[in-house]
Amino acid sequence: MRFNNIVVLTGAGISAESGIKTFRDSNGLWENHQIEDVATPEGYQRNPALVHQFYNQRRAQLLDPKLKPNSAHQALAQFELQHKSKGGRFLLITQNVDNLHQRAGSESLITMHGQLQKVKCPVTGKNLSWLKDLTAADLCHCCKNPQPLRPDIVWFGEMPYLMDDCVDALMQADLFISTGTSGQVYPAAGFVKIAAESGAHTVELNMEATRGDFAEGYYGPAAKIVPAYLS
Ligand code: BV8
């Protein structure tokens, strides 16, 4: 591949073929919940038990032995290894909160919207691995006055993680690939513009074309088109 600094953004669509529902498909995750009730700080303040139930149910799915990275996750991890072995630079930014990229072996990875398998102290932000159900009775161990732990998830209205690192990488990229995302959630939806304005070639690999302005697009299931594009 003729590119050196490669940045990839993934969204829920890359995990769809592993069996994790996307957000906006008709039977998506949000269907039986309003975003405002389960994925905002206000919703959590209003009804922490509902939010814990929403995330406990999704966290439990990570333990399902049937849940595995698919060939799109694997192709990205293998490509990263090969590209870096030839001196190339590679960064994978995911909006997903499942752990499938990590399980596929991706290393240069930013989980910008947090991780289902982590919880954090609401005061210090210190996070820890957590795979069982979380309740309001689970307290942090880092404060003098221990606080109820919360999911380590970036809710709507909260700043995504490592945004400076993401923007730095986008501004140095010569190739930006967006895959499995509808490009409806900001600031991730603005990444293609930053990359293009910095001179990167931009490619969308998705089930269908989105509103994003890409130089190139290949459409179909990620498990097929991502390995094909990276080979
Ligand atoms: C913030 C964790 C400010 C929760 C999530 C302009 C600028 C900045 C902000 C805003 C703005 N306009 C509006 C906002 C506010 C808001 C926003 O964007 N709202 C939207 C709804 C308009 N953004 C925020 O609040 C962000 N924070 O801006 O903070 C700030 C500033 C200073 C100080 C403090 C704060 C925070 C956003 C993060 C929210 N958290 N996740 C959880 O997961 O429970 S977002 C959530 O949506 C998921 O992370 C998900 O990844 C993400 C995006 O969805 P997609 O991944 O794209 O999934 P979707 O279902 O939409 O699409 C799937 C795609 O895959 C489709 O295109 C489909 O065709 C395709 N597909 C399906 N199957 C396949 C496939 N493709 C290939 N193969 C397949 N098999």
Side-chain angles (χ1 to χ4, degrees), residues 8-44 50-62 69-73 75-76 92-101 110-120 125 134 150-164 166-167 177-194 203-212 214 217-230:
V8 181
L9 171 70
T10 64
I14 200 167
S15 294
E17 286 159 272
S18 292
I20 295 184
K21 289 182 198 166
T22 66
F23 295 84
R24 287 161 189 83
D25 284 354
S26 54
N27 57 349
L29 273 172
W30 308 103
E31 182 179 68
N32 42 353
H33 295 295
Q34 295 296 322
I35 283 187
E36 296 70 24
D37 294 338
V38 290
T40 62
E42 297 75 16
Y44 177 62
L50 172 67
V51 174
H52 282 315
Q53 179 207 333
F54 178 62
Y55 286 100
N56 288 342
Q57 166 215 346
R58 292 169 66 193
R59 193 180 304 108
Q61 202 187 358
L62 299 186
N70 61 54
S71 48
H73 298 104
L76 284 165
L92 173 56
I93 305 169
T94 188
Q95 300 173 88
N96 298 343
V97 295
D98 63 55
N99 58 356
L100 294 177
H101 283 304
I110 290 181
T111 51
M112 68 181 291
H113 290 162
Q115 301 180 73
L116 268 178
Q117 75 275 16
K118 299 262 183 188
V119 296
K120 70 176 179 182
L134 181 68
R150 57 163 277 184
D152 188 8
I153 295 284
V154 176
W155 284 324
F156 287 91
E158 295 185 322
M159 180 56 95
Y161 285 131
L162 299 176
M163 277 304 294
D164 292 348
C166 293
V167 173
I177 300 170
S178 173
T179 180
T181 179
S182 61
Q184 291 180 27
V185 173
Y186 287 84
F191 285 3
V192 57
K193 190 162 181 289
I194 299 172
V203 179
E204 181 170 58
L205 306 175
N206 203 50
M207 189 62 98
E208 75 244 337
T210 63
R211 290 175 308 189
F214 292 88
Y218 298 92
Y219 298 98
K224 193 159 153 280
I225 59 172
V226 171
Y229 183 79
L230 293 175

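Model, not experiment: these values are computed from the prediction. All ligand and atom numbering here is 1-based and tracks the order in the structure.
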Proximity to ligand 1 by part of Thr181, non-hydrogen separation under 4.0 Å: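 Both backbone and side chain of Thr181 come within 4.0 Å of ligand 1.
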Under 4.0 Å, heavy atoms only, figure out whether ligand 1 is touched by the backbone of Ala222, its side chain, both or neither.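 It is both backbone and side chain that touch ligand 1.
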So, Thr94 versus Thr10: side-chain donor-acceptor pair below 3.5 Å or not?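 The criterion, which ignores hydrogens and geometry beyond distance, is satisfied for Thr10 and Thr94.
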So His101 and His73, would you call those rings parallel, tilted or perpendicular, with 30° and 60° as cut-offs?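 Answer is perpendicular, since the angle exceeds 60°.
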[X] N/O under 3.5 Å from ligand 1 N/O:
| X | value |
| --- | --- |
| Gly157 | yes |
| Ser182 | yes |
| Ala16 | no |
| Val154 | yes |
| His113 | yes |
| Gly180 | yes |

Atom of Tyr219, atom of Glu204 and distance for their closest heavy-atom approach: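 For Tyr219 versus Glu204, the nearest heavy atoms are OH-OE1, 2.7 Å.
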So, for Phe54 and His33, which heavy atoms are closest and what is the spacing to 0.1 Å?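 Heavy atoms of Phe54 and His33 come nearest at CD1-CD2, 3.5 Å.
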Provide the number and element of each atom of ligand 1 under 4.0 Å from a heavy atom of [X].
| X | result |
| --- | --- |
| Ala12 | 55 (P), 56 (O), 58 (O) |
| Tyr55 | 4 (C), 42 (C), 44 (O) |
| Glu17 | 78 (N), 79 (C), 80 (N) |
| Glu208 | 67 (O), 68 (C), 69 (O) |
| Pro221 | 78 (N) |
| Gly11 | 56 (O) |

Scan Ile225, Val8, Leu205, Ile177 and name whichever one has a side-chain contact (heavy atoms from CB on, under 4.5 Å) with Leu230.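 Single side-chain contact (heavy atoms from CB on, under 4.5 Å) partner of Leu230 among Ile225, Val8, Leu205, Ile177: Ile177.
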My understanding is that only one of Val226, Val203, Leu9 makes a side-chain contact (heavy atoms from CB on, under 4.5 Å) with Thr179; could you say which?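 Option passing the side-chain contact (heavy atoms from CB on, under 4.5 Å) with Thr179: Val226.
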May I ask whether Gly220 places a heavy atom under 4.0 Å from ligand 1?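 It does; at least one heavy atom falls under 4.0 Å.
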Please determine whether any non-hydrogen atom of Arg58 lies less than 4.0 Å from an atom of ligand 1.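 Arg58: in contact with ligand 1 (<4.0 Å).
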Within this structure, what is the [atom1]-[atom2] distance for the pair [X] and [Y], rounded to the nearest 0.5 Å?
| X | Y | atom1 | atom2 | answer |
| --- | --- | --- | --- | --- |
| Glu36 | Glu42 | CD | CD | 9.5 Å |
| Ser178 | Phe191 | OG | CZ | 10.0 Å |
| Ile153 | Leu116 | CD1 | CG | 4.5 Å |

So, does Gln117 use its side chain to make a donor-acceptor pair with the main chain of Leu62 at under 3.5 Å?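 Not a single qualifying donor-acceptor pair exists.
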Quick one: does Asn99's side chain have a donor or acceptor within less than 3.5 Å of a partner on Gln115's backbone?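 No.
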Hey, looking at atom 51 (O) of ligand 1, which of Gln184, Lys21, Gln95 has the closest heavy atom?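 Among Gln184, Lys21, Gln95, the closest heavy atom to atom 51 (O) of ligand 1 comes from Gln95.
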